[in-house]
*Asks:* 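One structure, as structure tokens, below. Some questions next.
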Amino acid sequence: MSDSNQMMDDQKSQADIQKEHARYIKPLGDWKRSHNCGALSLADDGREVCLMGWVQYRRDHGGLIFVDLRDRDGLTQVVFSPEIAPEAHRDAHVLRSEYVLAIRGRVRPRPEGMRNPNLATGEIEVVVLDWKLLNTAKTPPFPVEDRSDAGENLRLAWRYLDLRRPRMANNLRLRHRIVQAVRSYLNELDFLEVETPILTKSTPEGARDFLVPSRLNQGQFYALPQSPQQFKQMLMMSGVDRYYQVARCFRDEDLRADRQPEFTQVDIEMSFVDEDQVMSMAEGLMARVFHDAMNIDLPLPFPRLTWEEAMRDYGVDKPDTRFDLRLRDVTACVAGSGFKLFASAPLVKALRVPQGGTLSRKEIDDLTEFVKIYGAQGLAWIKIHESEWQSPIAKFLSEGERAALTRELGLEPGDIVFFQAGEPGMVNAALGNLRVRLGQQMNLIPENAWNFLWVTDFPLFEYSEEEQRYVACHHPFTAVQEASRETMTSDRANARARAYDMVLNGNEVGGGSIRIHTPEDQYRMFEALGFSDESARAQFGYFIQALEYGTPPHGGIAFGLDRVAMLLTGSSSIRDVIAFPKTQKATCLLTDAPDTVSARQLRELGLRLRETPAANPGTDSGQEAKTE
RNA sequence: GGAGCGGUAGUUAAGACGGUUAUAACGCCGGCCUGUCACGCCGGAGGCCGAGGGUUCGAGUCCCUUCCGCUCCGCCA
């Protein structure tokens, strides 16, 4: 036996210790919890209580032993004292992090000078009279506490431990409160909560579907819903009148910090309404959510911006209005410029940043790299000094152009101006995203600001380069505005939809529209999208038919619950407000889904794989350690 | 499909231009400790440097491949 093995024998292994400690485990018996761990205060002085929870920290002084007992509501310090309860004190040395215990004891004020102002229960402590070890625990792979900055792969692989952390527990609780506020508001307004199918029919438009093979109908597939859109409209046809659902939705597309393959939508539809009624209902809903979940009163109504105004001033269709930088169209100012890039571009826009002249060359280089993400070739800039313009492009600009830019942009010494020239899509994306980045970088965004706004008058169609045709901007059931009604098939680029998005601090949190409710209009829409009547009937026949049996005018909206919860909890990802989220590769590190299935399961479904995948290609994300 | 960042004790990180035995903090184990609260003090264990291949006398470090996590572009009606 080597020296190192010799040493290891001297050191007790985790398994040995746990085994030894397991002898102390007792059944709950007739013990009943009297309070949670965040409940007690000086008002409970002298009370006999029974607490149950997890060991957060143990401070063993040899004599006195302090344990911070944690449950989802907070921490309470419990004291094992050899003088007051020698029996109880005797075995308390076995306690370790995350052990589960029940204590009976007496509440008492902490001695003068020993209060802990950082703890909600810091005025008191509970002297243990009797206790039971309910369970032991292995040492957790990362500390169960807010300040632990464990990697996300670990957190996801051990999600049940991650969720014990106060921050995550509070996220779950706030999400619950949001949903309760939604339900209570909509219930008061006489909405019916109706569930729609999870196993449904694949639709050709929109995102990629998740498919489920049918055993009873081999060769056929269900699709998981991308949203309950058609069902909620059919509920309007059913006379349900006012519907909502906290609906799980599925889209098989790539993930982002704010996008998961399955997510939750607060889905709402109303009959006999116009845009304004839906929007004011939605504003009231948000106000209720903020009031009930955050104790914040939102000013109503929310400001509105047309899509054109949003794109013009902010470059994006979800402007962050917490700070006031705006884009300006300066195409005319530089139309005849000696700077060919400007003179020949279909669109030139500028972003003036007051006091931005302090940006260093390095910072400007980083910003240049940043806009290249959006297809920009580079980033032109001018620093405005008292006596001169400092800029790589200054020499190209005539006196007249300088005067025009100064007037148009209101330039002042100390400013920096960024320019982008080219196709409108690229120009807006580059400068719009640059604007947001500068807002963050230069600390222009106030804390605790909740800037809601509506973006309205969206285009009905957008051109898809990939498909070489116009596709629905929102979805193919969106009604066209009266003004575009006649021209929607001839001038698709300029048709406007009766659609609206709710935006919060630069995030799209909801979107909806007034829907098409006559078969004639629905056929016109499919025609404009390039569907023949036959193919429209083949793919949406049941839906068009339903429109033929007395469909009321209707419209609705859907909120991204995960995004709302993310913003309200100040989280940087919706993963932090979803109990068991997927990784960027859409896997679950906790359960190891997706996974291969048995040959028998495939046979029953009438499926055969083209290639046999290697069973579970090796992972090293902490799974191996877990799989014992 | 593409771009970028990361992967080193249980955890979080450090490791100049390739050079002895790979550091630190926390955690863990043992001992001491009656007012701590991220307790303190003393001692100790703990590593296939994500995986595979290559270059080299020598690789955590350089090269190639690959896996995993994250951010973003595309995509997401």
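Since this is a predicted model, take the numbers as computed values, not measurements. Each chain gets a letter, A, B and so on, in the order the sequences are listed, and its residues count up from 1.
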*Asks:* Quantified in whole Å, what is the P atom distance between nucleotide A51(B) and nucleotide G47(B)?
*Replies:*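 Result for the P pair: 14 Å, nearest Å.
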*Asks:* Looking only at heavy atoms, which two atoms of Met566(A) and Ser572(A) are closest? And how far apart?
*Replies:* SD-C, 4.1 Å
*Asks:* Are the charged groups of Arg59(A) and Asp68(A) less than 4.0 angstrom apart, N to O?
*Replies:*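 Asp68(A) and Arg59(A): salt-bridged.
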*Asks:* Output every pair passing salt bridge (charged side-chain N to carboxylate O under 4.0 Å, His left out) with a member in residues 425-441 of chain A, not counting sequence neighbours, ordered by first then second residue.
*Replies:*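 As it turns out, there is no salt bridge (charged side-chain N to carboxylate O under 4.0 Å, His left out) pair with a partner in residues 425-441 of chain A once direct neighbours are skipped.
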*Asks:* Please report the distance, rounded to the nearest Å, between CZ in Arg165(A) and C1' in U11(B).
*Replies:*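 Computing the Arg165(A):CZ to U11(B):C1' distance gives 12 Å.
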*Asks:* When the C1' atoms of G18(B) and G54(B) are considered, how many whole Å apart are they?
*Replies:* 15 Å
*Asks:* What residue among Arg575(A), Arg251(A), Gln584(A) forms side-chain contact (heavy atoms from CB on, under 4.5 Å) with Gln260(A)?
*Replies:*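 Between Gln260(A) and the candidates, side-chain contact (heavy atoms from CB on, under 4.5 Å) is satisfied uniquely by Arg575(A).
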*Asks:* For residues 462-478 of chain A, which residue pairs qualify under salt bridge (charged side-chain N to carboxylate O under 4.0 Å, His left out), counting only residues two or more places apart or in two chains?
*Replies:*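 Counting only pairs at least two positions apart or across chains, the salt bridge (charged side-chain N to carboxylate O under 4.0 Å, His left out) contacts touching residues 462-478 of chain A are Glu205(A)-Arg469(A), Glu467(A)-Arg469(A).
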*Asks:* Can a salt bridge be assigned to the pair Arg90(A) and Glu87(A) using a cut-off of 4.0 Å between side-chain N and carboxylate O?
*Replies:* yes
*Asks:* Please give, in whole Å, the distance from C76(B) P to Glu467(A) CD?
*Replies:* 8 Å
*Asks:* Taking atom P in both G2(B) and U8(B), what distance in whole Å separates the two?
*Replies:* 26 Å
*Asks:* Counting side-chain heavy atoms from C-beta on, which of U12(B), U36(B), A38(B) comes nearest to Tyr57(A)?
*Replies:* A38(B)
*Asks:* Please state the C1' separation for the pair G58(B) and C42(B) - nearest whole angstrom.
*Replies:* 40 Å
*Asks:* Considering only C75(B), U71(B), G69(B), which nucleotide approaches the side chain of Glu152(A) most closely?
*Replies:*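 Looking only at heavy atoms from C-beta outward on Glu152(A), the closest nucleotide is G69(B).
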*Asks:* Give the nucleotide from the list C28(B), C75(B), A38(B) with an atom nearest to the side chain of Ser97(A).
*Replies:*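 Out of C28(B), C75(B), A38(B), the nucleotide with an atom closest to Ser97(A)'s side chain is C28(B).
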*Asks:* Does Thr587(A) place a side-chain N or O at less than 4.0 Å from the phosphate oxygens OP1/OP2 of G69(B)?
*Replies:*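 Yes, within the criterion.
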*Asks:* With a 4.0 Å cut-off on heavy atoms, is Pro476(A) in touch with a base, just the backbone sugar-phosphate, or nothing at all?
*Replies:*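 Base, at least one base atom sits under 4.0 Å.
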*Asks:* Which is true for Arg108(A) with a 4.0 Å heavy-atom rule: it touches a base, it touches only sugar-phosphate, or it touches nothing?
*Replies:*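 Arg108(A): base contact, heavy atoms under 4.0 Å.
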*Asks:* Is C17(B) syn or is it anti, if syn means the base angle is within 90 degrees of 0?
*Replies:* syn
*Asks:* Nearest heavy atom decides the nucleotide; on that basis, is Phe142(A) or Gln77(A) closer to the 5' end of RNA chain B?
*Replies:* Phe142(A)
*Asks:* Should A24(B) be called syn or anti, with syn set as within 90° of 0?
*Replies:* anti
*Asks:* Check whether any side-chain N or O of Arg115(A) sits under 4.0 Å from OP1 or OP2 of C37(B), and answer yes or no.
*Replies:*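 For Arg115(A), the contact criterion (side-chain N or O under 4.0 Å from OP1 or OP2 of C37(B)) is not met.
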*Asks:* Does U34(B) have a Watson-Crick or wobble partner in any strand here, with both distances under 3.5 angstrom, and which is it?
*Replies:*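 Partner of U34(B): none found under 3.5 Å.
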*Asks:* For the pair Glu508(A) and Lys318(A), find out whether any cationic side-chain nitrogen is under 4.0 Å from an anionic carboxylate oxygen.
*Replies:*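 Result for this pair is no, no salt bridge flagged.
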*Asks:* Find the distance Asp149(A):CG to G10(B):C1' and express it as a whole number of Å.
*Replies:*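 To the nearest whole Å, that distance equals 14 Å.
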*Asks:* Using purine N1 to pyrimidine N3 plus N6-O4 or O6-N4 for Watson-Crick, or N1-O2 and O6-N3 for G-U wobble, each under 3.5 Å, what pairs with A59(B)?
*Replies:* none
*Asks:* Please measure how far the C1' atom in A59(B) lies from the corresponding atom in C48(B), and state the result in whole Å.
*Replies:*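 After rounding to an integer number of Å, I get 14 Å for this pair.
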*Asks:* Using only side-chain N and O atoms of Arg256(A), determine if any of them is under 4.0 Å from OP1 or OP2 of C73(B).
*Replies:* yes
*Asks:* Between C29(B), G69(B), C28(B), which one does the side chain of Thr139(A) approach most closely?
*Replies:*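 Given the options C29(B), G69(B), C28(B), the side chain of Thr139(A) is closest to C28(B).
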*Asks:* Provide the Watson-Crick or G-U wobble partner of U20(B), both distances under 3.5 Å; none if there is no partner.
*Replies:*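 U20(B) is paired with nothing.
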*Asks:* Is the shortest side-chain N to carboxylate O distance from Arg563(A) to Asp258(A) below 4.0 Å?
*Replies:*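 Yes.
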*Asks:* Rounded off to whole Å, could you give me the OH-to-P distance for the Tyr374(A) and C75(B) pair?
*Replies:*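 The distance from OH of Tyr374(A) to P of C75(B) comes to 14 Å, rounded to the nearest Å.
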*Asks:* Answer yes or no: does a side-chain N or O of Arg575(A) lie under 4.0 Å from OP1 or OP2 of U71(B)?
*Replies:*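 Looking at the OP1 and OP2 atoms of U71(B), one of them is under 4.0 Å from a side-chain N or O of Arg575(A).
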*Asks:* Just to be sure I understand the rule, does Pro140(A) reach a base, reach only the sugar-phosphate, or reach nothing, if contact means heavy atoms closer than 4.0 Å?
*Replies:* nothing
*Asks:* Is the His21(A) ring parallel, tilted or perpendicular to the Tyr24(A) ring (thresholds 30°, 60°)?
*Replies:* perpendicular
*Asks:* Quick check on contacts: within residues 60-70 of chain A, what sits under 4.0 Å from RNA chain B by heavy-atom distance?
*Replies:*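 Listed by number, they are Asp60(A), His61(A), Gly62(A), Gly63(A), Leu64(A), Phe66(A), Asp68(A).
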*Asks:* Reckon Leu75(A) touches a base, only the sugar-phosphate, or nothing at all at heavy-atom distances under 4.0 Å?
*Replies:*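 Touches nothing.
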*Asks:* Paired with G69(B) by Watson-Crick or G-U wobble geometry, both distances under 3.5 Å: which nucleotide is it?
*Replies:* C5(B)
*Asks:* Can you tell me how far P in G1(B) sits from the matching atom in U66(B), rounded to whole Å?
*Replies:* 12 Å
*Asks:* Rounded to whole Å, please give me the gap between CD in Glu145(A) and C1' in G10(B).
*Replies:* 14 Å
*Asks:* Classify the side chain of Arg58(A) and the base of C37(B) as holding, or not holding, a donor-acceptor pair under 3.5 Å.
*Replies:* no
*Asks:* Of the nucleotides C73(B), C29(B), G69(B), which one has an atom closest to the side chain of Asn153(A)?
*Replies:*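 So the nucleotide nearest the side chain must be G69(B).
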*Asks:* Is there a side-chain polar atom (N or O) of Thr583(A) under 4.0 Å from OP1 or OP2 of G69(B)?
*Replies:* yes
*Asks:* Kindly say whether, by distance alone, the side chain of Arg59(A) makes a donor-acceptor pair under 3.5 Å with the base of A38(B)?
*Replies:*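 There is none.
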*Asks:* What is the nucleic acid contact for Lys585(A), judged by heavy atoms within less than 4.0 Å: base, sugar-phosphate only, or nothing?
*Replies:* sugar-phosphate
*Asks:* Suppose we define a pair by two distances each less than 3.5 Å, Watson-Crick or G-U wobble; what does G44(B) pair with here?
*Replies:*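 Looking at the geometry, G44(B) pairs with C28(B).
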*Asks:* Taking the same atom, C1', in C41(B) and in U34(B), what whole-Å distance lies between them?
*Replies:*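 My reading of the C1' atoms in C41(B) and U34(B) gives 16 Å.
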*Asks:* In this structure, how many angstroms lie between the P atom of C73(B) and the CZ atom of Arg259(A), rounded?
*Replies:*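 Taking CZ of Arg259(A) and P of C73(B), I get 8 Å after rounding.
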*Asks:* If the P atom of G30(B) is compared with that of G69(B), how far apart are they to the nearest Å?
*Replies:*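 My reading of the P atoms in G30(B) and G69(B) gives 36 Å.
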*Asks:* Using only heavy-atom distances, determine whether the side chains of Gln245(A) and Thr196(A) contain a donor-acceptor pair under 3.5 Å.
*Replies:* yes
*Asks:* Between Arg155(A) and Asp576(A), does any NZ, NE, NH1 or NH2 come within less than 4.0 Å of an OD or OE carboxylate oxygen?
*Replies:* yes
*Asks:* How long is the line joining CD of Glu369(A) and C1' of C73(B), in whole Å?
*Replies:* 14 Å
*Asks:* By nearest atom, which of the nucleotides C37(B), G35(B), U34(B) is closest to the Asn116(A) side chain?
*Replies:* C37(B)
*Asks:* Take the protein atom NZ of Lys582(A) and the nucleotide atom C1' of C68(B), then report the distance between them rounded to whole Å.
*Replies:* 17 Å
*Asks:* With a non-hydrogen cut-off below 4.0 angstrom, is Arg147(A) in contact with a base, only sugar-phosphate, or nothing?
*Replies:* base
